[in-house]
Amino acid sequence: MAYLRWRRFIELTSLDRPWVGELFMRKRDKPIVAAPVEKWDREYREGVYDRLARSDQRHHHRLLAAMIADRWPNPRVLEIGAGEGVLFEAFRPHAPARYVGVDFSAPAIEQGLKRLTAERAAGQVDLLLGDGRTFRSDEAFDVIVFSECVEHLGEVEDLVAHYAPNLKPDGGVGLTMWLALKPLRLWHRLKRMGSVLDEATINTPWGGGWLIAVVRPVKAAVTALAMTLAGLATVVPVDAFAAPALDLPLSIDMARAAVDACAAKGAAVSVSVVDDKGNPLVVLRAPNSPKPPIAAPRKAATAVQFDAPGSVMEPRQKADPAFAALIAAEPERLNPHAGSVPLHIDGKLVGGLAVADTTHETADACAREALAKFADKVR
């Protein structure tokens, strides 16, 4: 008990005095690594997180929802790391106009879809499978919430810039974070990006604690507003928030390299390169390809949505019923078969490349050969 009290004292002191946290932090140089999706999938299936629906586990959710609703009545909310969408229950009394939850665990999303069927049918709620580091949406929200996950999503500046286009000009970022020294580093960096609208901590009956906050990230909001006013939806701003992107010449060269790789194997194929939203940039079809170029854009878009190659997603579709159901729900858009690879520049997801209309093994080999030729530019 004495240790827990001492630890809590250090954590609370570190909120306003970061140097205290740095002084007492153990393994300060060891990075925080997110648990693999397989772990979360298993624990959601086993009911480990059923406890999150209990009242004594949702103090921080209720406080965050009240903070948000006080500034944005009937808010439009995007939650990253939503799990089963439990946070929506805290928003329910505030009548949110729209709630979209995103999580990379298929079983979590599947359970949430069942629990919030009526709200989904009314168009108030949507739960989507996606990686919080790369998820894209065309919707605008009052608040984007990161629920106990911001420490697992990479650099906080890049994360906020990624979602800046989805924030309304007066929008904010909501945060719930387990009170611990390493995650608090990210909180201090987030505070420097704008103005803190609300901040609080909650102690739990079992000795833990939560940080709850709402921040208006001024730099990200200005970037998003400038892009909207200038109509630069496809142009990356050259500033501290600029992100890498595929250009058309590189996309064409990669697609042609994949066609040539398959031609050398005696296969006439279709190839597509898509951007980071899954929109086709290039679609090529060899003259003798047996089919219209339909499958390749879908395969490339699926590689982007799940940030995974088809060679990984294809066996997962067979082994994971929840994942298979998500694919089956959008047959006109998703194709997880082998032959697709996500594309990254400087560690950022920028698009996808896919080969179709041959065997899956050949398609996968051709896609990887094409990607290898441009390894100095994209991976």
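These numbers come from the heavy atoms of this one structure, side chains and all, not from hydrogens, waters or symmetry mates.
Counting only distance, with no hydrogens or angles, the side chain of Lys191 and the backbone of Val196 share no donor-acceptor pair below 3.5 Å. When atom types are taken as modelled, the side chain of Gln124 and the backbone of Pro96 share a donor-acceptor pair closer than 3.5 angstrom. Under the 3.5 Å distance criterion, the side-chain polar atoms of Arg216 are left unmatched by any main-chain donor or acceptor of Gly194. Checked by atom type and distance alone, the side chain of Asp142 pairs as donor or acceptor with a backbone atom of Arg76 at under 3.5 Å. Here the side chain of Asn166 pairs a donor or acceptor atom with the backbone of Glu139 at under 3.5 angstrom. Thr302 places a side-chain N or O within donor-acceptor distance of the main-chain N or O of Asn335, the cut-off being under 3.5 Å. No side-chain donor-acceptor contact under 3.5 Å links Ser289 to the backbone of Ala286. Side-chain N or O atoms of Glu79 include none that pairs as donor or acceptor with a backbone N or O of Ser147 at under 3.5 Å. In this structure, His162 contributes its side chain and Gly132 its backbone to no donor-acceptor pair below 3.5 Å. Although no hydrogens or angles enter the test, the distance criterion places a donor-acceptor pair under 3.5 Å between the side chain of Glu314 and the main chain of Ala338.
There is a side-chain donor-acceptor pair under 3.5 Å between Gln305 and Arg333. In the model, Glu89 has no side-chain atom that pairs as donor or acceptor with a side-chain atom of His61 under 3.5 Å. Under the 3.5 Å distance criterion, with hydrogens and angles disregarded, no donor-acceptor pair is assigned to the side chains of Thr134 and Asp307. Between the side chains of Arg368 and Ser311, at least one donor N or O sits under 3.5 Å from an acceptor N or O.
Distance CG/Leu116 to OH/Tyr99: 8.0 Å, rounded to 0.5 Å. Distance check, rounded to the nearest 0.5 Å: CG of Leu153 to CZ of Phe146 gives 7.0 Å. Interatomic distance, OG of Ser340 versus CE of Met313, reported as 4.0 Å (0.5 Å rounding). Taking CZ of Arg316 as the reference point, atom CD1 of Ile327 lies at 8.5 Å (rounded to 0.5 Å). Between Asp247 atom CG and Ile252 atom CD1 the span is 9.0 Å, to the nearest 0.5 Å. Atom-to-atom distance recorded for Glu84:CD and Tyr44:OH is 6.0 Å, nearest 0.5 angstrom.
Cluster annotation: Val283 and Leu371 are assigned to distinct hydrophobic clusters (Ile/Leu/Val/Met/Phe/Trp/Tyr, side-chain heavy-atom contacts under 4.5 Å, transitive). Cluster annotation: Leu281 and Val304 are assigned to distinct hydrophobic clusters (Ile/Leu/Val/Met/Phe/Trp/Tyr, side-chain heavy-atom contacts under 4.5 Å, transitive). The same ILVMFWY cluster, assembled from side-chain heavy atoms under 4.5 Å apart, contains both Leu63 and Phe88. No continuous path of ILVMFWY side-chain contacts below 4.5 Å connects Leu353 to Leu349, so the two sit in separate hydrophobic clusters. Residues Ile202 and Phe91 are members of one and the same hydrophobic cluster, defined by side-chain heavy-atom contacts under 4.5 angstrom among Ile, Leu, Val, Met, Phe, Trp and Tyr.
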Inset, instruction - Under the salt bridge (Lys or Arg N to Asp or Glu O under 4.0 Å) rule, what do Arg192 and Glu157 come out as? Steps first, then yes or no, please. - result: CA-CA 10 Å; Arg192 289 195 293 269; Glu157 294 84 359; 5.4 Å; no
Inset, instruction - Could you give me the CA-CA distance, side-chain angles and deciding distance for Glu148 and Met177, then say whether side-chain contact (heavy atoms from CB on, under 4.5 Å) is met? - result: CA-CA 5 Å; Glu148 296 96 65; Met177 175 188 290; over 6 Å; no
Inset, instruction - Apply the test side chain to side chain donor-acceptor pair (under 3.5 Å) to residues Asp41 and Ser105: give CA-CA distance (whole Å), side-chain angles for both, the deciding distance (0.1 Å), then the verdict. - result: CA-CA 5 Å; Asp41 287 352; Ser105 172; 2.7 Å; yes
Legend entry - Verdict with supporting geometry, Arg185 and Glu151, salt bridge (Lys or Arg N to Asp or Glu O under 4.0 Å): CA-CA 9 Å; Arg185 281 176 164 177; Glu151 65 268 31; over 6 Å; no
Inset, instruction - Let me see the working for Val355 and Cys262 under side-chain contact (heavy atoms from CB on, under 4.5 Å), right down to the final yes or no. - result: CA-CA 9 Å; Val355 178; Cys262 276; 3.8 Å; yes
Inset, instruction - Start with the C-alpha gap between Lys265 and Cys366, add the side-chain angles, then the distance that decides, and say whether side-chain contact (heavy atoms from CB on, under 4.5 Å) holds. - result: CA-CA 9 Å; Lys265 302 178 189 299; Cys366 295; 3.9 Å; yes
Legend entry - From CA spacing to verdict: side-chain contact (heavy atoms from CB on, under 4.5 Å), Arg62, Met67: CA-CA 9 Å; Arg62 288 193 289 265; Met67 287 178 173; over 6 Å; no
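A salt bridge links Lys39 and Glu43; the closest N-O separation between the charged side-chain nitrogens and carboxylate oxygens is under 4.0 Å. Salt-bridge check for Asp158 with Lys348: passed, with a basic side-chain N closer than 4.0 Å to an acidic carboxylate O. Electrostatic pairing of Arg189 and Glu155 counts as a salt bridge here, judged by a charged N lying under 4.0 Å from a carboxylate O. Look at Arg45 and Glu110 and you find no salt bridge, because none of the NZ, NE, NH1 or NH2 atoms lies under 4.0 Å from a carboxylate O. Between Asp357 and Arg285 no salt bridge is recorded (no basic side-chain N to carboxylate O distance below 4.0 Å).
Scanning all heavy atoms of the two residues, the minimum distance from Ala82 to Asp103 falls at N-OD2, 3.4 Å.
Here the side chains of Ser272 and Pro293 are not in contact, with every heavy-atom distance at 4.5 Å or above. A 4.5 Å side-chain heavy-atom check between His59 and Leu64 finds every atom pair outside the cut-off. Pro217 places a side-chain heavy atom less than 4.5 Å from the side chain of Leu167. Here the side chains of Leu343 and Met254 are in contact, with some heavy-atom distance below 4.5 Å. Proximity of Val378 to His344: side-chain heavy atoms (C-beta onward) are nowhere separated by under 4.5 Å. You'll find the side chain of Asn279 stays beyond 4.5 Å of the side chain of Val274, heavy atoms only. Looking at Glu199 and Ile212, their side chains never come closer than 4.5 Å, going by heavy atoms from C-beta outward. The closest side-chain heavy-atom distance from Leu128 to Ile109 is not below 4.5 Å.
For CZ of Arg379, the number of neighbouring non-hydrogen atoms (other residues, nucleotides, ligands) closer than 6.0 Å is 12 at most. Heavy-atom neighbours of Arg42 CZ from other residues, nucleotides or ligands within 6.0 Å: above the threshold of 12.
Residue Val145 is tested with Val77, Val214, Leu78, Ile80 for a side chain to side chain contact (heavy atoms under 4.5 Å, CB included); the sole match is Val77.
Between Trp178 and Trp210, the ring-plane angle classifies as perpendicular under the 30° and 60° cut-offs. By the 30° and 60° cut-offs, the orientation of the rings of Phe323 relative to Phe306 is perpendicular.
The salt bridge (charged side-chain N to carboxylate O under 4.0 Å, His left out) test applied to Asp131 returns Arg133, not counting sequence neighbours.
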